[in-house]
Amino acid sequence: AYSLATLWRALKLRVYPLELVLDGERVRLDSMFVEVSNTRYTGTSFLIAPAAKLDDGYLDVTLVKRLNRRRLLRLFPTVYSGKHVHYPEVMTRRVREIRIEAPTGLLLAPDGEFRGRTPATIHCLHRDLEIFS
């Protein structure tokens with residue numbers, strides 16, 4: 001059910017003219033999807049950031065550039081194996097900080113919940129969580 005719901009939402013995605021700042025480097029592109037990860041998996045089984053390491057101090061950013069619905073349907077199943085990152089429409093970056101500047105007022109969905117709007121700054125707090133055993 002989660003996969004079908006995600007596919008349905010993916011088919012309804014719009015393209016946005018994004019302005020991002022990735023560790024100080026300004027990037028402008030038309031994008032359908034931006035995922036900021038600290039772990040490899042998103043949801044139940046999507047290997048969205050195959051190179052992510054929980055404790056390296058970096059965030060893994062995955063962007064899906066403009067593509068048509070047919071291409072999206074073809075690319076979608078590869079997210080289970082992490083092979084989507086090899087498609088030319090998918091851009092990945094490892095950063096300590098990302099700022100999403102435009103479009104202003106774009107709704108954000110951290111951890112699947114709609115909260116907050118752009119502009120937004122997300123940064124990694126390296127080794128900031130203490131765990132007691």
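Quick caveat: nothing in here was measured; it's all calculated off a predicted structure.
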Task: Backbone of K83 reached by a side-chain donor or acceptor of T78 within 3.5 Å - done: no
Task: L67 with V79, same ILVMFWY side-chain cluster at under 4.5 Å - done: yes
Open item on the list: Could you report the tightest heavy-atom contact between C124 and Y58, atom names first, then the distance?
Closed with: SG-N, 4.0 Å
Open item on the list: Could you list the cluster mates of Y41? Members are the ILVMFWY residues connected by side-chain heavy atoms closer than 4.5 Å, either directly or through other members.
Closed with: L47
Task: Heavy-atom side-chain contact between I48 and F33 under 4.5 Å - done: yes
- [ ] Could you tell me which non-hydrogen atom of V85 sits nearest to which non-hydrogen atom of G82, and how far apart they are?
- [x] CG2-O, 3.2 Å
Task: Short side-chain to backbone donor-acceptor contact, H123 and I98, under 3.5 Å - done: no
Open item on the list: Contact between I122 and L59 at the side-chain level, heavy atoms closer than 4.5 Å - yes or no?
Closed with: yes
- [ ] Drop me the distance from I100's CD1 to Y16's OH, to the nearest 0.5 angstrom.
- [x] 12.5 Å
Open item on the list: Can you confirm whether Y80 sits close enough to S45 that some side-chain heavy atom of one is under 4.5 Å from a side-chain heavy atom of the other?
Closed with: yes
Task: Set of residues satisfying salt bridge (charged side-chain N to carboxylate O under 4.0 Å, His left out) with respect to D30, sequence neighbours excluded - done: R66
Task: For M91, the option from V34, V27, V61 that meets side-chain contact (heavy atoms from CB on, under 4.5 Å) - done: V27
Task: Gap separating the OG1 atom of T42 from the CG atom of D111, nearest 0.5 angstrom - done: 9.0 Å
TODO: Would you please name every residue forming a salt bridge (charged side-chain N to carboxylate O under 4.0 Å, His left out) with E101, sequence neighbours left out?
DONE: R26, R99
TODO: Go through the structure and list residues passing salt bridge (charged side-chain N to carboxylate O under 4.0 Å, His left out) with E25, not counting sequence neighbours.
DONE: R93
TODO: Check each of T62, V64, D60 against E35 using the side-chain contact (heavy atoms from CB on, under 4.5 Å) test, and report the only one that passes.
DONE: T62
Task: L75 reachable from V15 in the ILVMFWY side-chain graph, under 4.5 Å edges - done: yes
Open item on the list: Hydrophobic clusters here meaning ILVMFWY residues chained together by side-chain heavy-atom distances under 4.5 Å, can you tell me if V36 and L29 are in one?
Closed with: yes
TODO: Measure the NE2-CG distance between H126 and N38 for me, rounded to the nearest 0.5 Å.
DONE: 9.0 Å
TODO: Mind listing the closest non-hydrogen atom pair of P17 and P103 along with its distance?
DONE: O-CD, 3.7 Å
TODO: Identify, with sequence neighbours excluded, every residue that meets salt bridge (charged side-chain N to carboxylate O under 4.0 Å, His left out) alongside D56.
DONE: R94
- [ ] Start with the C-alpha distance between V21 and T121, add both sets of side-chain angles, then the distance that settles side chain to side chain contact (heavy atoms under 4.5 Å, CB included), and finish with yes or no.
- [x] CA-CA 9 Å; V21 181; T121 301; over 6 Å; no
Open item on the list: If I compare all heavy atoms of G116 with all of L107, which pair ends up nearest, and what's the gap?
Closed with: O-CD1, 3.5 Å
- [ ] Not counting sequence neighbours, which residues clear side chain to side chain donor-acceptor pair (under 3.5 Å) with E89? List them please.
- [x] R71
TODO: Quick one: closest heavy-atom pair of P50 and H84, and the distance?
DONE: CD-CE1, 4.4 Å
- [ ] To the nearest 0.5 angstrom, please state how far the CG atom of L54 sits from the CG atom of L129.
- [x] 9.0 Å
Open item on the list: Please evaluate residues K65 and V90 with respect to the criterion side chain to side chain contact (heavy atoms under 4.5 Å, CB included), reporting the C-alpha separation (whole Å), side-chain torsions for both, the decisive distance (0.1 Å), and the verdict.
Closed with: CA-CA 6 Å; K65 301 174 190 175; V90 177; over 6 Å; no
